[in-house]
K.L.:
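Pasting in a structure now, in structure tokens, and then I'll have a few things to ask.
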Amino acid sequence: METIQIQNKKKRNKGPIIFFAIVGLLILIVLLLNVTSTKKHAKYNPLNSSDDFPKLDVEGKYIGRLYVEGEIGDGEGGVFDEKGTYFHAETLNAIDQMIEDKNNKGLYIYVNSPGGSVSTSDELYLKIKEYQEKTGGKRPVVAYFDDMAASGGYYISAPADKIVANRNCWTGSIGVTVGNMYDATGLLEKLGIRAKAITSGPNKAMGDPLSGLTKEQEDIFQSLVDEAYEQFATIVSEGRGMDIKTVKKLADGRIYTAKQALENGLVDKIMTEEDADEYCLSLVNDKDVTIQDIVFEREETLFGLLTSKIFEKKEDAIDRIAKEVVAGSGKFSISYLAPIEKH
């Protein structure tokens, strides 16, 4: 009798293969994102990161181009940073170094930002003013507006000797905001929930959505906005050589196209970035001067990249607002930030 041998084939465990395939795919995605998110203008990086702050190491005479991209804040920028790619402390330090560098012949600010923090925007504005004062106004300061240069993005550019905009740029949004002030007292009442803030004074918890907002508190918030607005309008008036009344007619918070901004004296020229580079060099009138990009890059760990917010689940609008109400209870920030973001 013929014996038929039946073999039990052990089922191959595909778990490890699938796991490593997923990890490999994530690494590939990260690498691709790093490539596509690299600044297209960062062809040269004259920085040595051996110290607390990068040291400028540029050969020959140069105009230093700094990048103000994304939201203007104190945090470090990066590919996955919510605030974009702006490095505040490093930028201020680089300007300090250029002030002392005799080979530096100008400052070129590349702006692609909707604005941001009042204090951070003002610190950068003051540093640019310091550069002008300490160099005796002999080195030109040029601001180039790429896709968007609104609110704080315009604020920091106002003192520039020349402002040049891409023809598709949105700019302006000259104004101040404290964002949304939520009042959840009606909802709590419907749910039968009572909230009571224990404070040292009637206005200590103002802005708390669980307590509501009194008329006095509204006036207090408005005074904060008004003072910051006066500062903004004055800076534009001084930087653009415009009457304060004219500035305030323009500074109602609206966004202007490049053409509208030119017609209203908010920018000096409309041109491509390549033409803007040539224009910037022409202000120095020295054929030996070149434009050198000063670019800051943050090292990312693989773990940080793989667990970054790009892999987080998207929240719907209702969830986001609800979380803002709870997490933002009693918290607010005053900012030079355009409410509209251009993509």
Side-chain angles (χ1 to χ4, degrees), residues 70-75 82-84 86 88 113-126 148-156 158 170-191 193-238 244-245 247-256 317-341:
E71 191 172 322
I72 302 172
D74 289 325
E82 196 171 279
K83 293 184 179 299
Y86 174 65
H88 185 59
S113 170
S117 160
V118 167
S119 59
T120 310
S121 298
D122 193 51
E123 283 181 357
L124 180 53
Y125 159 79
L126 291 173
M148 189 172 197
S151 203
Y154 191 86
Y155 185 102
I156 62 104
W170 284 1
T171 187
S173 190
I174 300 171
V176 189
T177 179
V178 292
N180 294 315
M181 306 296 291
Y182 295 106
D183 185 347
T185 54
L187 175 61
L188 293 180
E189 186 176 344
K190 286 184 179 180
L191 296 174
I193 300 173
R194 294 182 180 180
K196 179 66 176 178
I198 308 300
T199 67
S200 58
N203 296 316
K204 180 60 180 176
M206 68 178 192
D208 181 355
L210 305 183
S211 302
L213 203 63
T214 67
K215 179 61 171 65
E216 180 185 19
Q217 290 167 354
E218 286 183 20
D219 292 340
I220 292 172
F221 275 120
Q222 190 62 54
S223 70
L224 300 176
V225 169
D226 291 343
E227 185 171 320
Y229 173 77
E230 287 294 330
Q231 179 174 293
F232 199 160
T234 300
I235 281 172
V236 175
S237 173
E238 293 174 351
I244 191 68
K245 291 182 179 179
V247 170
K248 288 186 175 182
K249 287 180 181 178
L250 300 172
D252 60 1
R254 77 181 67 185
I255 290 175
Y256 295 94
I318 295 176
D319 287 341
R320 178 176 55 80
I321 292 173
K323 287 181 180 179
E324 283 182 9
V325 172
V326 176
S329 179
K331 300 176 183 178
F332 63 92
S333 60
I334 186 167
S335 63
Y336 297 135
L337 184 64
I340 300 173
E341 192 167 346

K.L.:
According to side-chain hydrogen bond (donor to acceptor under 3.5 Å, both in side chains), who are the partners of Gln222, at least two apart in sequence or on a separate chain?
P.N.:
Asp226
K.L.:
Which pair of non-hydrogen atoms, one from Leu124 and one from His88, has the smallest distance, and what is that distance?
P.N.:
N-CE1, 4.1 Å
K.L.:
Please name all residues satisfying side-chain hydrogen bond (donor to acceptor under 3.5 Å, both in side chains) with Thr120, sequence neighbours left out, ordered by chain then number.
P.N.:
Asp74, Ser117
K.L.:
Under 3.5 Å, side chain of Tyr154 to main-chain N/O of Val236, donor-acceptor pair present?
P.N.:
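No, because the side chain of Tyr154 does not come within donor-acceptor range (under 3.5 Å) of the backbone of Val236.
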K.L.:
How long is the gap from CG on Asp252 to OG on Ser173, to the nearest 0.5 Å?
P.N.:
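If I round to the nearest 0.5 Å, the distance is 9.5 Å.
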K.L.:
Can you confirm whether Ser151 sits close enough to Phe232 that some side-chain heavy atom of one is under 4.5 Å from a side-chain heavy atom of the other?
P.N.:
yes
K.L.:
Just to verify, what does Glu230 make a salt bridge (Lys or Arg N to Asp or Glu O under 4.0 Å) with, not counting sequence neighbours?
P.N.:
Lys248
K.L.:
Run the salt bridge (Lys or Arg N to Asp or Glu O under 4.0 Å) test against Lys249 and tell me which residues pass, sequence neighbours left out.
P.N.:
none
K.L.:
For Ser223 and Ile220, work out which heavy atoms get closest and say how close.
P.N.:
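Distance-wise, the nearest heavy atoms are OG-O, 2.5 Å.
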K.L.:
Would a distance-only check, ignoring hydrogens and angles, find a side-chain to backbone donor-acceptor pair under 3.5 Å from Ser113 to Gly70?
P.N.:
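Flag set: sc Ser113 to bb Gly70 pair under 3.5 Å.
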K.L.:
Tell me, please, which residues at least two apart from Tyr125 pass ring pair (Phe, Tyr, Trp, His ring centres under 6.0 Å).
P.N.:
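In terms of ring pair (Phe, Tyr, Trp, His ring centres under 6.0 Å), with neighbours along the sequence ignored, Tyr125 is linked to Tyr155.
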K.L.:
Which value, rounded to the nearest 0.5 Å, describes the distance between Ile244 atom CD1 and Glu238 atom CD?
P.N.:
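Taking CD1 in Ile244 and CD in Glu238, the distance rounds to 8.5 Å.
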K.L.:
Do Gln231 and Val176 have side chains that get closer than 4.5 Å, going by heavy atoms?
P.N.:
no
K.L.:
Taking the side chain as every heavy atom from C-beta outward, state whether Asp122 and Ile235 have any atom pair closer than 4.5 Å.
P.N.:
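Touching, per the 4.5 Å side-chain cut-off.
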K.L.:
For Lys245, enumerate each residue passing the side-chain hydrogen bond (donor to acceptor under 3.5 Å, both in side chains) test, keeping only those at least two apart in sequence or located in another chain.
P.N.:
none
